[in-house]
Amino acid sequence: MTARTAAAGLALLLAATACTAPAPPRGQGGTGGTAAGTACERPAGPPAAETATTIDVIEQAYFCILGSYYGGAALDARSLLTAGFAALARELDRHGRDLPEATMPALTGDRKADWAAFETAFRKITGQVPGLGDQPAVVTLEAIVASLGDNHARWTHGLARPPGHYDGDGYGLGLQASADGPQVHGNPAAAVPPLFVTAVHGGAARAAGLRPGDVIESIDGSAPFIGGKATAAIAALYEPYPRARPVRLSLLRESTGRRWSVTLRPGLYQRDLAELQVVRSRLLDDDVAYVRVAGFAPDSANRALRAIARLRAGRTLAGVVLDLRGNGGGSPDEAVRLVSAFAHGQVTAYQCAGDGRCEASRTDDTVELVGLPLVVLVDRSCASACEHFSSAVKALGAGRLVGTRTAGVISGPAQAYRLGNHTTLSLPGKRHLGPRREVIDRIGVPPDHYAPLPPRDAAAGRDPALAQGLRLLREAS
C-alpha cells in the first residue's frame, strides 16, 4: 500500500465526521452572509450526491474557515477573498471571457461587510458569463482553501470512480516514484532529486517494462526538478480519475545507460493482495521482527503488536524493525497506541489552539510494553500521524530512526465539515507540536541515521535503510 492509499484511508476517517453549517441568513439586498464565527456542525448519516458549487457554498466555507480553523480568529479574511477573486479572474481569462467589470471590490477588514462586497461582485460577474457551469465557483473555493497554505486543509469534491472499478483496484499509471504522496501535494519542498521509480504496481508502467531505479528525466517535456527544487510536473504522475491523462516520460536506466521515452495511459489495474494489507510482517535474520505499517488505519496498532507477538512466540527476538516508509498517516490515536508499546508515562505531542493554549497527548500506559530494541524506518512520504509516531520515538528515546527526513506534513488533526452541496471541507482545529513543543510541520523529523535509497540500489533490490537498522540492532544485542 502506498502513501497515497494511506492518505485515502485518512480521508475516509475524516469524512465520517463531516458537518453542515446552518443556512446562512441573507442580508441587505440579498448580499448578506453568515455571522462571522459561526461554527460548523456535524451532520448525521452518509452524504447525498454532490450538487453544483454555488456562491452560497463558498460563503459557507468562508465562514466555516473563520470560525473553525485553528488560525481563523487571527486570520485576515481579506487574504481568502483576494485569493478567490484572483482565481476567478484567471478562469475568466482562460475561457476568453474576461470582463471590464471584473475588478476586486474594496475590502475594509470587516469580515461580514467584505463578504457582502465579494458576493455582490461575484454574482454580477458570473451572471454575465453563462455557459461555464459551476467552474468559476469551483476554482474560487479551491483557491480560498489553498490560500491557507495548510497541508491538512482541503476541499474534497468531484470524487468519482472509473467505470469497472472494484474494491482493491489501483488506478493511475501503475508506478510509484521517489517523490510521492505528501511530498507532491502537501510539502513539495521535501522532495529531492533525482526522481526515479521505486515500485511498479501494474497497469501501464508494468506493460511498458518500467523497473525500480529507472530515472525519470522529464514528464511531458518538463523537468521534475529545476535547481534542485521539485516542479509541478511531478503531480502528473498521480492525478486521480477523471483528471488523469496520458503522461509522456523520458527515462534513463543507469545500469545500462539506456535512454528512451514512453507514453503511459492511466487506467485500472489489479494490485497484489499483499499491497492492500495495512500491516505486514516477517522474521528477518538474527531473529529480528520486521513489521511494515502502511498507514494508521483503525486497529493498525493492535495488528502490529499482534504481529510482533506471533513472531516472538517460541523464540527470543533481538529487536523490532517498524517500517513506516510510505505511511501517509491516519488516526492519531493509533499512532499514540503504537508509541505506548515502547514508552510509558510520556507526552507524545501537543495539540494547540489558535490562542496558544495546548493540550498534551500522552501515552496509553495500559498498553503492554514490548521491551525490545526498536528501529523505525522512515522516508519523505512518512506524514501526519506517521510523523507523530516518529517524532515521539525520537524525542522519548524509545528507538532509533533510520532513513531520510519525514515529509513535514503535520499541520494538525483535521475535522471534516460537509458543505451545502454535499462536498467536504477539512480543517485542522488544533496545531500539532512535537513532544518538546517543537514544530514538525513543513520541517519533518530528521533520522538518527541517514540512509537514503539511491536509484542504483532500488534497481538492484538493495535496501540501505533496512541494512543499517539491522546493524544497529546487532550492535545493541
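Please read these numbers as outputs of a predicted model, since none were measured by experiment. Atom set for the values below is all heavy atoms of this structure, side chains included, hydrogens, waters and symmetry mates excluded. The chain is numbered in sequence order, starting from 1.
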Modelled atom types, side-chain donor and acceptor of Y269 and D169, under 3.5 Å: no
Side chain Q176, main chain V200, donor-acceptor under 3.5 Å: no
Atom pair CG/CG of L472 and L374 - distance to nearest 0.5 Å: 11.0 Å
Disulfide (SG to SG under 2.5 Å) contacts in which one or both residues fall within residues 437-477, not counting sequence neighbours: none
Separation between CD of E275 and CZ of R280, rounded to the nearest 0.5 Å: 7.0 Å
Test log, rule side chain to side chain contact (heavy atoms under 4.5 Å, CB included), inputs D167 and R161: CA-CA 10 Å; D167 288 343; R161 287 187 171 187; 3.2 Å; yes
Over 12 foreign heavy atoms within 6.0 Å of CZ, R211: no
Distance-only donor-acceptor check, side chains S381 and D379, under 3.5 Å: no
Of all pairs that satisfy disulfide (SG to SG under 2.5 Å), the ones with a partner from residues 319-366, not counting sequence neighbours: C352-C358
Beyond-backbone contact of L425 with Q60, side-chain heavy atoms, under 4.5 angstrom: no
Side chains of V57 and Y62 in contact at under 4.5 Å (non-hydrogen atoms): no
Partners passing salt bridge (charged side-chain N to carboxylate O under 4.0 Å, His left out) against R310 (at least two apart in sequence or in another chain): none
Main-chain N/O of A414 paired to S426 side chain as donor or acceptor, under 3.5 Å: no
Derivation and outcome, side-chain hydrogen bond (donor to acceptor under 3.5 Å, both in side chains), residues N187 and N151: CA-CA 7 Å; N187 187 12; N151 49 59; over 6 Å; no
Check against side chain to side chain contact (heavy atoms under 4.5 Å, CB included), Y417 and L427: CA-CA 8 Å; Y417 305 102; L427 300 169; 4.1 Å; yes
S68 side chain vs I65 backbone, donor-acceptor pair below 3.5 Å: no
Worked check of side chain to side chain contact (heavy atoms under 4.5 Å, CB included) between T316 and D287: CA-CA 7 Å; T316 300; D287 286 332; over 6 Å; no
Donor + acceptor pair across side chains of S178, T198 (<3.5 Å): no
Minimum heavy-atom distance L453-P464, with the two atoms named: CD1-CD, 3.7 Å
Euclidean distance, L317 CG relative to L283 CG, rounded to 0.5 Å: 7.0 Å
Distance-minimising heavy-atom pair for P194 and V215: CB-CG1, 4.3 Å
Ring pair (Phe, Tyr, Trp, His ring centres under 6.0 Å): pairs with one or both residues in residues 316-375, sequence neighbours excluded: none
Side-chain ion pair, R337 and D299, N-O less than 4.0 Å: no
Shortest non-hydrogen contact between P455 and F196, atoms and distance: CG-CD2, 3.6 Å
Gap between atom CG of L377 and atom CG of L401 - 0.5 Å precision: 9.5 Å
T424 to A416 - nearest heavy-atom pair and separation: CG2-CB, 3.5 Å
Donor-acceptor pair, side chain of E50 and main chain of H422, under 3.5 angstrom: no
Closest approach of G295 to V278 (non-hydrogen atoms, all atoms of both residues): O-CG1, 3.2 Å
Side-chain (R271) to main-chain (G168) donor-acceptor, under 3.5 angstrom: yes
Residue pairs, two or more places apart or on separate chains, that pass ring pair (Phe, Tyr, Trp, His ring centres under 6.0 Å) and touch residues 366-385: none
Shortest non-hydrogen contact between C382 and V378, atoms and distance: SG-CG1, 4.3 Å
Side-chain heavy-atom pair I219, L237 within 4.5 angstrom cut-off: yes
Under 3.5 Å: donor-acceptor pair, side chain of Y171, backbone of H165: no
Residue pairs, two or more places apart or on separate chains, that pass disulfide (SG to SG under 2.5 Å) and touch residues 435-477: none
Distance in Å, R111 CZ paired with L81 CG, rounded so as to fall on 0.5 Å steps: 10.5 Å
Using distance only, find each side-chain donor-acceptor pair of residues 139-150 under 3.5 Å and give its atom names and separation, not counting sequence neighbours.
| from | atom 1 | to | atom 2 | distance (Å) |
| --- | --- | --- | --- | --- |
| T140 | OG1 | P136 | O | 2.7 |
| E142 | OE2 | H157 | NE2 | 2.9 |
| S147 | OG | I144 | O | 2.6 |
| D150 | OD1 | H152 | N | 2.8 |
| D150 | OD1 | A153 | N | 3.4 |
| D150 | OD1 | S411 | OG | 2.9 |
| D150 | OD2 | Y69 | OH | 2.7 |
| D150 | OD2 | S411 | OG | 2.6 |

Within residues 461-477 or reaching into it, pairs that qualify as salt bridge (Lys or Arg N to Asp or Glu O under 4.0 Å) - sequence neighbours excluded: D286-R474, R325-D463, D457-R462
S340 side chain vs D365 backbone, donor-acceptor pair below 3.5 Å: no
Side-chain touch L276/L273, heavy atoms, less than 4.5 angstrom: yes
All pairs passing side-chain hydrogen bond (donor to acceptor under 3.5 Å, both in side chains) where residues 395-409 contributes a residue, at least two apart: E387-T406
Worked check of side chain to side chain contact (heavy atoms under 4.5 Å, CB included) between T348 and S361: CA-CA 6 Å; T348 68; S361 174; 3.2 Å; yes
Residue pairs passing the salt bridge (Lys or Arg N to Asp or Glu O under 4.0 Å) test where at least one lies in residues 427-439, sequence neighbours excluded: E359-K430
Flag side-chain contact, heavy atom, 4.5 Å: L466 against V375: no
Close side-chain approach of Q351 and P413, heavy atoms under 4.5 Å: yes
Ring pair (Phe, Tyr, Trp, His ring centres under 6.0 Å): pairs with one or both residues in residues 374-401, sequence neighbours excluded: H388-H432
Exceeds 12 heavy-atom contacts within 6.0 angstrom, atom CZ of R357: no
Pairwise salt bridge (Lys or Arg N to Asp or Glu O under 4.0 Å) hits with a residue in residues 389-398, at least two apart: K394-D448
Side-chain donor/acceptor of R245 to backbone N/O of P266, under 3.5 Å: no
Flag side-chain contact, heavy atom, 4.5 Å: V247 against D220: yes
Distance, nearest 0.5 Å, that separates CZ of R265 from CG of L173: 11.5 Å
Side chain proximity check, L305 to L338, heavy atoms < 4.5 angstrom: yes
